[in-house]
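Encoded as structure tokens, the structure appears first; notes follow it.
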Amino acid sequence: MEKQRIVFATANLNKLREVREIIGSAYNVVGLKDIACNDDIPETQPTLEGNSLQKAQWVKQHYGVDCFSDDTGLEVEALNGAPGVHSARYANGTHDMAANLDLLMRNMEGVTNRKARFRTVVTLLLGDECHQFEGIVNGHIALRRGGSEGFGYDPVFIPEGESRTFAEMTDEEKNAISHRGRAMRQLADFLKLHDKHS
Ligand code: IMP
């Protein structure tokens with residue numbers, strides 16, 4: 001029997017590969033490129049929940065397909081939850097990751113409370129249903145950068161119970177405990193149950 005197709009509202013091929021590994025056995029997960037969507041999808045909401053929903057709704061409305069989307073933020077306690085929903089554009093509003101990291105480390109200079117967490121919100125639009133799943137990994141901001149794996153804020157984030165940053169771990173090690181891994185596994189469990197009942 002042919003696998004049911006579901007669109008992941010992302011153009012990021014690394015994320016697509018990661019998620020296929022988690023839910024790919026039951027579903028044919030395709031990305032935005034596969035439905036010829038090159039839109040600059042708006043992310044103008046003040047929360048991860050809002051942005052995640054906005055992206056999924058855009059795809060559903062414009063392409064008429066079942067889909068899911070994700071939105072992630074790094075929330076630092078001493079910075080009142082910043083960069084949070086602005087993680088991608090923390091420094092000067094652009095997608096400049098080197099500048100984002102520099103700004104974060106400058107803002108954390110001399111700060112002793114280094115507690116932080118990554119949070120991902122996944123939104124699933126399936127038929128008329130809408131469901132959200134949250135994945136969190138607690139940890140802290142390192143005093144200095146370490147590692148060259150991963151992306152984004154990985155070189156400065158040390159998950160709880162670890163001494164290494166995410167950028168010092170393999171993909172597999174990171175996915176097993178990461179925010180996105182946790183949210184996506186909830187999505188996978190939901191889809192499995194849903195299939196059983198449909
Ligand atoms: P997005 O919602 O996945 O696009 O993530 C927003 C921003 O959060 C990205 O630009 C990254 O800077 C950061 N980010 C998201 N996921 C991760 C991660 O797994 N590690 C490090 N940084 C991340």
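Remember, it's 1-based here, ligands and their atoms both numbered in the order they're listed. Bear in mind the structure is a predicted one, so any value in this text is a computation, not a measurement. One is the number of the first residue; the rest follow in order along the sequence.
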Taking the six-membered ring of Tyr27, is the NZ or CZ of Lys3 close enough (under 6.0 Å from the centre) and on axis enough (within 45°)? no
Pairing residues for Arg5 by the salt bridge (Lys or Arg N to Asp or Glu O under 4.0 Å) criterion, not counting sequence neighbours: none
So that I can tick it off, tell me whether Arg119 and Glu49 are bridged by a salt bridge, with the cut-off set at under 4.0 angstrom between side-chain N and carboxylate O. yes
Examine distances only and state if a side-chain atom of Asp34 and a backbone atom of Gly31 form a donor-acceptor pair shorter than 3.5 Å. yes
Determine which pairs satisfy ring-ring contact (aromatic ring centres under 6.0 Å, His included) with at least one residue from residues 101-123, sequence neighbours left out, and list them in order. Phe118-Phe157, Phe118-His179
For ligand 1, give me the residues whose heavy-atom distance to it is below 4.0 Å, by chain and number please. Lys15, Asp71, Thr72, Ser87, Ala88, Met97, Phe118, Phe151, Gly152, Tyr153, Asp154, Lys174, His179, Arg180
For residues 35-74, the ring-ring contact (aromatic ring centres under 6.0 Å, His included) pairs (sequence neighbours left out) are Phe8-Phe68, Trp58-His62
